[in-house]
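Residue numbers begin at 1 in each chain, while the letters A, B, ... track the order of the sequences. Since the structure is predicted, the reported quantities are computational estimates derived from the model, not experimental observations. What you see below is based on every heavy atom in this structure, not just the backbone, and it leaves out hydrogens, waters and symmetry mates.
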Number of protein chains: 2
Amino acid sequence: MNSPEEVVDFIYNGHQRFLPHLSIDCVIFGYHDQQLKILLIRYHDQEHWSLPGGYVERQEGLTAAAHRILSEKTQLTNLYLQQFYTFGDSPTRLNRIEIQDNHNKVYAKANVAIDEEHWLSKRTLSVGYYALVDYHEVSVTPEFLVVDYAWVDVNAVPSLQYDHNEIIDKALLTLRSQLYQQSVGYNLLPEKFTLSEIQALYEAILGKPFDRRNFRKKMVALGVIRQLDERRKIGPHRSPYLYDFNLENASKLQEAGGVIF
Amino acid sequence: MNSPEEVVDFIYNGHQRFLPHLSIDCVIFGYHDQQLKILLIRYHDQEHWSLPGGYVERQEGLTAAAHRILSEKTQLTNLYLQQFYTFGDSPTRLNRIEIQDNHNKVYAKANVAIDEEHWLSKRTLSVGYYALVDYHEVSVTPEFLVVDYAWVDVNAVPSLQYDHNEIIDKALLTLRSQLYQQSVGYNLLPEKFTLSEIQALYEAILGKPFDRRNFRKKMVALGVIRQLDERRKIGPHRSPYLYDFNLENASKLQEAGGVIF
DNA sequence: ACAAAAGTGTTGGAAGTACACCCATGA
DNA sequence: TCATGGGTGTACTTCCAACACTTTTGT
């Protein structure tokens, strides 16, 4: 929504296109400079930052909606995207006055106001998805109502709107727990990468350092990555081997994963 | 809903009380006779069985709704209940004609019909919860539109309505993967139980046998259960020790659980 | 005394962890 | 030649899996 006209159309006609009472919130993890960051946005006249999100079209699959929303926000397609929980308990989600009030502050920028009975004033549940994207390839779409965006370090997330902090916590927990069952990182690293690169990624995600030798043993033994017969030149140092993801194994890991016995 | 009048009221006025487009489906695992079973229901004039489910009230938390629905169906409160996934992709969920048609077959019993624009004809997403209940304590509430119910073995689930088979598969996967991080079974076993009892439960859930000695070592080492200084008399056999759940540890396990490192 | 269930300990293998030295490269 | 990052192996510990005999108890 890039213009006031589009916003007005959304507010008045959106209920025909979208399901009410339900939104998707995306925790978009980006990796850059050996840090794990999250993409936050701030709407017009809002004190708190929010997660990027959107609504589900009436005849659209849920997963498809999540992909669409993510690509609308980041211009990226075909990303690693994973549903992790549906949020519908927080008292802030049930407080109609606060919801309506916040919306109206935002929509004031387009000179529109909504009343208590408007579809956007209603309580919503939110399905949480997390995504892993390459920070560099993201170009955040400028939207009329979004006045600011920022990548913040996962360890320094400010106080967010509604229950979005809780959503991020759960996303991180889920991401961490799935790290060794999925080829997480497939979207964050070039096709071929060095051991150090993927180790730095895992360290950023899990927030702790690993031993080089043990890390390699584990990743290769699990079948997540494969060593290639190729090296990369990297300045005044020994040339490291390249690796790639073993995607055949990935699906097997995923099926077995989660089930401990 | 025990009478045609209540059904009619629900159909005509339910949209005021409940959120549209959203339901909760419960995979109710019951344990009996060393078998893990699932509670299924069959609505009037429906060929396929379904999972018990319900709708979320407009000002009700999602978790609260799940508990309410479960206790409406089983008369049990305070159960182990866990959200596991939200389903919104299956083509059967988007096929309005099929949905409306199925509803109308069911509602014919109350001499009501709904049209294409009715709130119950619309596409719904479904939040999946699973519960663990003691088969014996459940008294399934007779409902006017539900003509039959059955406990079926998890290994012999018939073909169900919509995507309910998929929901059960995911529920089982989740239950199995969480088995050692949560005090699953707290609601299925008496406060004090023998090792054999809990082992039989775990075997039923995971579908494979364990070695007595190794099982005991593992459960005690993980801190899930504690051996008591007490035995039970069980007929012409040696008296087994009693155990109980170590609920203090349970919360710690739960926090650490899922996160592998 | 016997049938049925429960209690108990050891061993070998696999996986995980800790740890340090040498090598390659470009400036 | 030096500074920097990369490559590599071993010993120790812990966890898991396999495995069988003895004890208790009521009839």
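Nearer to the 5' terminus of DNA chain C, by closest-nucleotide assignment, is the contact made by E197(B) (compared with the other of N214(B) and E197(B)). Between K217(B) and H237(A), the residue anchored closer to the 5' end of DNA chain C is K217(B), taking for each the nucleotide with the nearest heavy atom. Positionally, the nearest nucleotide of DNA chain D for P236(A) lies more toward the 5' end than for the other of P236(A) and R212(A).
F87(B) has its ring centre less than 6.0 Å from the ring centre of Y85(B).
Taking only side-chain atoms of S196(A), from C-beta outward, the nucleotide of dT8(C), dG26(D), dG6(D) with the closest atom is dG6(D). Residue I234(A) places its side chain closer to dG6(D) than to any other of dG7(D), dG26(C), dG6(D).
The pair R93(A)-D25(A) counts as a salt bridge, with a side-chain nitrogen and a carboxylate oxygen less than 4.0 angstrom apart.
In this structure, T194(B) reaches neither bases nor backbone, as no heavy-atom distance under 4.0 Å exists between it and the strands shown.
Rounded to a whole Å, the CG atom of L242(A) is 9 Å from the P atom of dG7(D). Here dA18(D) presents its C1' atom at 15 Å from CZ of F210(B), a figure rounded to the nearest Å. One can place CG of D211(B) at 11 Å from C1' of dT8(C), the figure rounded to the nearest angstrom. Note: NZ (K218(B)) to C1' (dT8(C)) measures 20 Å, nearest angstrom. Rounded to whole Å, atom P of dT22(D) lies 13 Å from atom CZ of R213(B). The nearest whole Å value for the distance from the CG atom in L222(A) to the C1' atom in dG16(C) is 12 Å. In this structure, F215(A) atom CZ and dA15(C) atom C1' are separated by 16 Å, rounded to whole Å. Residue R231(A) contributes atom CZ, which lies 13 Å from atom C1' of dG5(D) at whole-angstrom precision.
Note on S239(B): every side-chain N or O is 4.0 Å or more away from OP1 and OP2 of dT24(D).
Ring planes of F245(A) and F193(A): tilted class, angle from 30 to 60°.
For a distance-only test at 3.5 Å, the side chain of R216(B) fails to qualify as a donor-acceptor partner of the base of dG7(C). A donor-acceptor contact under 3.5 Å is not formed by the side chain of R238(B) with the base of dT25(D).
Between the side chains of R216(A) and Q199(A), not a single donor N or O lies within less than 3.5 Å of an accepting N or O.
The OH atom of Y129(B) sits 13.0 Å away from the OG1 atom of T174(B) when rounded to the nearest 0.5 Å.
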